[in-house]
Amino acid sequence: MIYKKIKDDILYAGLNDKDRIIFDELIPLDKGTSYNSYIIKGSEKTAVIDTMYPKFTNEYIKSFDENGITTVDYIIANHGEQDHSGSIPALLEKFPSAILITNSVCAKNVQEMLLVPENRIKIITNNEEISLGNKTLKFVIAPGVHWPDTMFTYIKEDNIICTGDFLGAHYIFDDVFATPSEDLEKSAKKYFAEIMMPFSTVCRKYIKQIKDLNVEMILPSHGPIHKDPNYILNLYEDWAGERGKNLVLLPYVSMYHSTEEMIDYLAKKLKEKGIDSVKYDMAEGNLGDLAMALVDGTTLVMGTSMVLAGPHPAAFNTVYLASVLRPKMKIASFIGSYGWGGDLFGKMAEMLAPLRLDVIEPILVKGKAKAQDYVKIDRMAEIIYEKHHALGLV
Ligand code: FEO
């Protein structure tokens, strides 16, 4: 466990989980993650904001004695997911007079998922405050970043906000304070892509709200603390924005390289027109890289071989991920190659339908692309250029 003073009577109490290599069994983690809990010692009462991933409960509970924290009056649950709420029952047991404070949605979650007794919970409403003596905690209910039960806790006198998962990153550190770096930005972006991107509209609302507060520090539940709040707020503002970049995503899977050759040709033609593209190998690639690319792309062109009369399963995986992450993508198409026949694009187009993309006529070839197929790819590049131009991207 790491204990570190953040400011007078505000302590970080969390740990680095260096061994965690995947989160939600979905996105590989480059650098593990941290689980952040905060202890706020007021002149009369002590509060703990968010707790610990269940695997580390014993270590977490022991750390209170080891660090001289002998009283806890309030446990604040900003979010019910168990990487933060998992140690609530053990903490309530250790401090029998402590009360769990949370919103009504999160209260239901912790009762059902962690069997927290109702008589140990106080439900608060939006903007309600509790006093710790010389410090006041104000609760901002912020549903949808990323669960319906999420809220922030604002420490008024210190002008510090604890934002739960929002504005976090799967990242580990020696110093709990963020040092801007490419690595941190990449980890925060992957994290945003996986858990926040589907809620970009809601994110924009809370980015603005926190910017307007002009807070001194942001204390998230994963990753480092931001002493320069605008660093992470500006990144989130860009990622959650409505406008994509002049970028075409080219996820592909190719059994005999026919599809890959067409994707490469399209990338070359797009480059000639001043449009960036990024290739992604759906059979072997890291889903986190794809998720990150989805944050920025305006156009998606899927390249897939036919397998048993339909798209390669890796292509379904990508299309499904794109459909649930709800990126800001506007335009889509498909390129594919087959050996003996089937429906290559129908089901994928159906899965992408909820994104309401502007679909360009797909290109389907038997085996290798011929001269007339390359003419069609030229035309596809031209149409993408026209559409990006119309959007003011190129
Ligand atoms: Fe880090 Fe939604 O839990």
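All ligand and atom numbering here is 1-based and tracks the order in the structure.
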Answer yes or no on whether R20 is positioned over the face of Y53, meaning its NZ or CZ is under 6.0 Å from the six-membered ring centre and within 45° of the axis. yes

Pairing of R379 and E361 as salt bridge, 4.0 angstrom limit: no

Is the NZ or CZ atom of K94 both under 6.0 Å from the centre of the six-membered ring of F64 and within 45° of that ring's axis? no

Regarding H79, does it place an N, O or S atom less than 2.8 Å from atom 1 (Fe) of ligand 1? no

Residue D83, metal atom 2 (Fe) of ligand 1, N/O/S under 2.8 Å: no

Return the name of the atom in D165, of element N, O or S, nearest to atom 1 (Fe) of ligand 1. OD1

Relative to each other, are the rings of F345 and F334 parallel, tilted or perpendicular (30° and 60° limits)? parallel

The atom name of the N, O or S atom in H146 nearest to atom 2 (Fe) of ligand 1 is NE2

Charged N to carboxylate O under 4.0 angstrom, K41 versus D8? no

Check E81 and report its N/O/S atom nearest to atom 2 (Fe) of ligand 1, by atom name. OE1

Tell me which N, O or S atom from H84 is the closest to atom 1 (Fe) of ligand 1. NE2

